[in-house]
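As the structure is a prediction and not an experimental result, all values here were calculated from the model. Quick note: numbers below take in every heavy atom, side chains included, and nothing from hydrogens, waters or symmetry partners.
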2 protein chains.
Amino acid sequence: MRQAPAQDRGARSRDAILDTAGELMSRHGYAATSISMISTACGLPVSSIYWHFRSKEGIYVAVLERATTVLLAALPPAEVPGADVTQRLDAFLSNLAGAFRQHPRGVQLLLGLGVVQKDAGAAAMAEVHRYRDALVAWARNSVSSVFALRDRPEVADELARFTLRMTSGTAVARWFEPDVVLETEPLRVTLPALAAHHGVPVRGTPVEGGPGEDAPGEDAPALGVTPGTAP
Amino acid sequence: MRQAPAQDRGARSRDAILDTAGELMSRHGYAATSISMISTACGLPVSSIYWHFRSKEGIYVAVLERATTVLLAALPPAEVPGADVTQRLDAFLSNLAGAFRQHPRGVQLLLGLGVVQKDAGAAAMAEVHRYRDALVAWARNSVSSVFALRDRPEVADELARFTLRMTSGTAVARWFEPDVVLETEPLRVTLPALAAHHGVPVRGTPVEGGPGEDAPGEDAPALGVTPGTAP
DNA sequence: GTCTATATCGGGATAGAC
DNA sequence: GTCTATCCCGATATAGAC
């Protein structure tokens with residue numbers, strides 16, 4: 001039987017195409033990434049690419065789909081195990097930063113960088129919206145769990161938007177300085193401040209409720225990053 | 001003398017080209033914006049565009065240059081008149097949000113959205129870096145003035161980066177929801193929190209110092225946008 | 001499933017009349 | 001300064017042998 005090896009080779013080619021396409025599209029954007037670039041980068045001829053995918057838009061959709069799968073697998077869905085708010089927040093931010101560090105291209109693609117409006121067809125844009133919304137929902141559920149905001153959906157929404165905008169901005173900065181990572185410390189400070197500003201009780205943060213500790217501390221709580229972010 | 005009208009017409013054509021090119025490039029990105037799109041959008045034939053500008057890259061550089069001029073004119077350079085930290089912060093954020101609201105395309109272009117890496121040539125990328133750096137410098141000087149950080153340049157740098165990343169993220173969000181504006185309230189809350197976290201004394205913010213007012217006010221101070229932004 | 005070869009179209013850029 | 005007409009190349013996509 002030679003069918004199995006052939007199928008295997010096809011699947012590996014498909015993966016290779018998606019790998020290089022994701023790399024190139026996240027770096028150059030959808031419009032600036034040509035099929036020939038993908039072809040020369042991954043070694044396979046153009047028509048093989050068209051055998052695996054109907055069109056350029058099809059490649060893009062497939063890249064998005066796989067990036068979503070990988071990324072959502074890397075993001076524990078809003079369980080946030082810690083008992084303390086600070087611990088849960090650290091776990092959440094650690095997950096976010098870990099995903100950003102390990103799958104930066106996926107983050108860039110899912111946040112919609114790389115496409116601008118009608119570059120791609122309507123179907124592709126709809127997919128981008130879907131995946132982007134999925135990320136937003138994950139962030140909203142996570143912060144809702146971190147700060148116990150079941151009855152304050154507006155606050156959860158604002159905190160999630162705030163977090164994702166910082167993430168987007170950092171992804172943009174990565175275009176110019178590839179070494180940039182998502183800094184968790186500013187978010188660890190500002191998210192509780194935002195929550196407190198909306199009247200959400202937050203323990204261990206500089207809010208007027210508990211005057212016992214006046215100094216927030218120069219050093220962060222030094223909670224170790226949660227292991228297990230890398231599957 | 002017919003020279004004056006002719007020159008005037010040429011200058012107006014040049015402006016029209018830059019207007020439409022800036023609009024299209026900020027919406028579709030550099031690579032996805034074609035000369036023919038610009039031609040049909042502004043009415044002038046392709047060769048007229050090439051008479052005014054050497055190449056597509058030349059158009060892009062000119063668009064960036066003009067956006068920088070307009071934007072930096074709309075941003076009072078780090079004077080920040082208020083006596084109180086809160087007042088100065090409000091003025092700063094009001095200026096930033098006003099510029100974002102009135103020149104969103106310029107902000108998008110200067111922040112580097114619309115180009116991804118080597119889309120344009122090396123010269124254009126260098127220009128993007130220059131202009132982006134100018135924006136960063138403006139933000140750093142502004143926050144330095146707001147929080148009196150002459151002797152804490154590191155803190156000024158972090159606050160400026162934080163602010164511009166939020167701005168970048170908001171600009172990205174504008175691709176998907178064109179109505180999105182730069183929200184000043186989260187920044188008004190989080191910037192003092194970040195400053196306080198670094199040991200910078202901040203008066204009138206929800207830090208343990210002054211518990212008199214806990215609510216900074218739901219409504220914005222309604223500081224008028226600076227006039228004279230549109231020449 | 002993979003390759004060579006090719007059709008077709010649109011992009012950037014130029015020539016030269018007016 | 002503006003227009004028409006054109007060159008050249010690269011991009012998407014397809015045909016058909018292997």
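Straight-line distance from the CD1 atom of I59(A) to the C1' atom of dA11(D): 12 Å, rounded to whole Å. Rounding to whole angstrom units, CD1 of residue I49(B) and C1' of dT2(D) are separated by 12 Å. For Y60(A) and dA11(D), the OH to P distance is 19 Å, given to the nearest whole Å. For the pair F53(A) CZ and dG1(C) P, the interatomic distance rounds to 12 Å; values are reported in whole Å. In this structure, W51(A) places its CH2 atom 15 Å from P of dT14(D), rounding to the nearest Å. The distance between atom CZ of R12(A) and atom C1' of dT2(C), rounded to the nearest whole Å, is 15 Å. Straight-line distance from the CD atom of E57(A) to the C1' atom of dT12(D): 13 Å, rounded to whole Å. Rounded to an integer number of Å, the gap from I38(B) CD1 to dA13(C) P is 11 Å.
Applying the side-chain contact (heavy atoms from CB on, under 4.5 Å) criterion to S144(A), with sequence neighbours excluded, gives L149(A), A156(A). S168(B) meets the side-chain contact (heavy atoms from CB on, under 4.5 Å) test with V172(A), L111(B); sequence neighbours excluded. In this structure V181(B) satisfies the side-chain contact (heavy atoms from CB on, under 4.5 Å) test with no other residue, sequence neighbours excluded. With sequence neighbours excluded, the residues satisfying side chain to side chain donor-acceptor pair (under 3.5 Å) with R105(A) are E23(A). The side-chain contact (heavy atoms from CB on, under 4.5 Å) check on T190(A) picks up F162(A), L187(A), F162(B), T190(B), L194(B), with sequence neighbours excluded.
For Y50(A) and dA13(D), the shortest distance from a side-chain N or O to OP1 or OP2 is below 4.0 Å. Within the 4.0 Å cut-off from OP1 or OP2 of dT2(C), at least one side-chain nitrogen or oxygen of S13(A) is found.
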At a cut-off of 3.5 Å, list every protein nitrogen or oxygen paired with a nitrogen or oxygen from nucleotides 5-11 of chain C, distance to 0.1 Å.
unit_1, atom_1, unit_2, atom_2, d
dG11(C), OP2, S36(B), OG, 3.2

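Note on ring orientation: taking the six-membered ring where Trp is involved, the planes of W138(A) and F92(A) are tilted (angle from 30° to 60°).
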